[in-house]
Enquirer: 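Let me begin by handing over the structure; questions about it come next.
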Protein chains: 2
Amino acid sequence: MQEVIESPPVGLRERKKAERRLALIDAAHRLVEERGYDHVTVEDIASAAGVSPRTFFNYFDTKDDAIVPFLMWPSENSAMADFVAGGPTGVLPTDLDRLICRALESWQAHAERIATTARLAAQNPHLLARRVAGLERYRVEVTELFAARAGRTQPEPDDVIGALAFVHLLRGAIACWEADPGGPPPEEHLARVRERMRSLATEPAP
Amino acid sequence: MQEVIESPPVGLRERKKAERRLALIDAAHRLVEERGYDHVTVEDIASAAGVSPRTFFNYFDTKDDAIVPFLMWPSENSAMADFVAGGPTGVLPTDLDRLICRALESWQAHAERIATTARLAAQNPHLLARRVAGLERYRVEVTELFAARAGRTQPEPDDVIGALAFVHLLRGAIACWEADPGGPPPEEHLARVRERMRSLATEPAP
DNA sequence: ACCAAGATTGCAGTTGATGCAAAATTGCAT
DNA sequence: ATGCAATTTTGCATCAACTGCAATCTTGGT
């Protein structure tokens with residue numbers, strides 16, 4: 001399944017593919033919000049996006065992939081490169097924060113799609129499962145970033161724990177923001193999540 | 001979809017239902033390991049378990065639910081009750097550890113099924129997504145335990161962050177154990193995961 | 001022994017998803 | 001501008017997952 005290409009594709013063919021994929025996602029979102037998940041078929045989505053049902057499956061493995069799509073972070077992500085290089089500050093917790101901020105920032109470009117996905121997932125539990133699975137892809141990618149930063153080609157348990165911290169902080173910040181959407185953006189909750197996480201990880205001295 | 005009932009059910013009907021569900025899970029595991037995911041149908045699984053294909057869907061929402069089943073922890077879980085009551089030690093990080101240990105312990109009864117599920121998920125990426133989704137159910141339950149322990153009926157972000165810590169510690173311990181399966185059991189890695197988690201949550205003083 | 005409640009099952013049907021191959025579109029070199 | 005290779009779209013046939021309905025069977029309770 002192909003992901004959204006954030007950097008402008010070079011040829012007409014690549015550009016049309018990227019546009020077509022977003023058209024399918026947007027058609028899926030519009031139709032499921034209007035009619036309900038059970039009353040929308042792949043044929044409906046494909047037709048609304050102007051392609052054939054067979055073509056739909058050239059872009060997505062399943063119907064649900066279009067509704068809860070994986071929106072990759074930018075391929076040219078200087079934050080990722082900086083992180084792998086040991087930067088930008090050299091202090092791992094701070095650098096982890098920067099990485100999370102850039103992830104949240106990159107998803108802003110799809111804010112409406114992400115909001116629609118969240119609403120549809122809340123209404124359809126099996127889509128919720130897909131959202132979590134999507135997050136797992138990020139967890140896997142970040143595990144590799146930790147390994148690369150430590151100079152290893154094969155991730156070790158410490159890298160997995162690091163990536164789990166990434167997910168922990170990210171989801172915690174989003175949970176705080178969802179509790180008060182009119183308040184500060186997710187990244188401003190990171191300090192609070194970090195503090196809570198630290199306190200849960202610290203047992204009192206004997 | 002009904003989960004495994006760990007405590008012995010009272011009537012014949014309940015007992016047969018529980019046995020039938022496990023029979024379907026075991027048939028699914030055996031057939032997928034023998035033939036590969038793509039060469040096993042719902043009809044194959046139902047036939048091997050001695051029920052009709054229609055009955056299969058009385059137990060599972062999807063074919064994949066049988067392969068990667070949700071194995072609930074015991075309904076009579078004193079660790080959960082203790083946790084909600086503020087125990088067993090009154091020290092939250094320690095009590096969280098106990099909760100995790102009990103979760104790992106309760107899954108021991110299904111160790112072979114869990115091992116099979118892990119192998120099949122490694123071979124079939126879309127099943128991996130389902131495993132993560134299953135973990136999310138535990139995360140939701142633990143969020144409610146945190147809220148109940150704090151005396152609230154509606155979970156707050158702090159409860160979500162607490163449950164994310166549960167998942168972080170649990171998955172970290174499992175990752176350490178998977179790196180050295182012949183070594184100590186998962187629960188003995190909790191201290192190491194906790195230490196790494198704490199260090200990632202602690203920024204250096206200015 | 002009888003009846004209610006719950007579960008199993010067959011059947012027909014819809015939809016998701018796939019492999020194959022023909023047709024169309026795009027990229028590139030001339 | 002043209003020709004050709006590469007890539008993509010598409011139609012079609014097919015299989016399997018999954019569902020609603022209702023008849024039949026099994027279990028629980030009196």
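Below, chain A is the first sequence line, B the second, and so on; all start at residue 1.
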Enquirer: Please determine if a side-chain N or O atom of N58(B) lies less than 4.0 Å away from the OP1 or OP2 oxygen of dT8(C).
Expert: yes
Enquirer: I want to verify a distance call: between dA17(D), dT9(C), dA7(C), whose nearest atom is closest to the Y59(B) side chain?
Expert: dA7(C)
Enquirer: Classify the ring geometry of Y37(A) against H126(A): parallel below 30°, tilted from 30° to 60°, perpendicular beyond 60°.
Expert: perpendicular
Enquirer: D65(A) and R130(A): salt bridge (Lys or Arg N to Asp or Glu O under 4.0 Å), yes or no, with the steps?
Expert: CA-CA 8 Å; D65(A) 281 343; R130(A) 272 203 53 76; 2.7 Å; yes
Enquirer: Could you tell me the separation between the CZ atom of R35(B) and the P atom of dA16(D), rounded to a whole number of Å?
Expert: 12 Å
Enquirer: Please report the distance, rounded to the nearest Å, between CG in D64(B) and C1' in dA17(D).
Expert: 10 Å
Enquirer: Using heavy-atom distances to pick each residue's nearest nucleotide on DNA chain D, tell me which of E43(B) and G50(A) is more 5'.
Expert: G50(A)
Enquirer: Quick one: sort the F83(A) and F146(A) rings into parallel, tilted or perpendicular, breaks at 30° and 60°.
Expert: perpendicular
Enquirer: Would you kindly give the CG-to-C1' distance between D44(A) and dA17(C), to the nearest whole Å?
Expert: 16 Å
Enquirer: Could you run down nucleotides 20-30 of chain D 5' to 3' and tag each one B, S or - for protein heavy-atom contact under 4.0 Å?
Expert: BB----BBS--
Enquirer: Between the side chains of R102(A) and E105(A), is the shortest nitrogen-to-carboxylate-oxygen separation below 4.0 Å, so that they form an ion pair?
Expert: yes
Enquirer: Tell me: CZ of F56(B) to P of dA17(D), nearest whole Å?
Expert: 8 Å
Enquirer: Picking from D159(A), L96(A), L99(A), what satisfies side-chain contact (heavy atoms from CB on, under 4.5 Å) with L145(A)?
Expert: L99(A)
Enquirer: CZ of F57(B) versus C1' of dA7(C): gap in Å, rounded?
Expert: 17 Å
Enquirer: Report the C-alpha distance between H39(B) and L31(B) in whole Å, list the side-chain angles of each, state the deciding distance to 0.1 Å, and finish with yes or no for side-chain contact (heavy atoms from CB on, under 4.5 Å).
Expert: CA-CA 9 Å; H39(B) 297 97; L31(B) 290 171; over 6 Å; no
Enquirer: Given dT9(C), dT8(D), dT8(C), which nucleotide is nearest the side-chain atoms of V51(B)?
Expert: dT9(C)
Enquirer: Just do the salt bridge (Lys or Arg N to Asp or Glu O under 4.0 Å) check on E195(B) and R192(B) with the steps written out, would you?
Expert: CA-CA 5 Å; E195(B) 178 50 35; R192(B) 173 187 171 189; over 6 Å; no
Enquirer: How is T55(B) classified with respect to the nucleic acid when contacts are heavy atoms under 4.0 Å: base, sugar-phosphate, or nothing?
Expert: base
Enquirer: Given atom NZ of K63(A) and atom P of dG16(C), what is their separation to the nearest angstrom?
Expert: 5 Å
Enquirer: Would you kindly give the CG-to-P distance between D61(A) and dA17(D), to the nearest whole Å?
Expert: 17 Å
Enquirer: Take atom CZ of R15(B) and atom C1' of dG6(C), then tell me their distance rounded to the nearest Å.
Expert: 17 Å
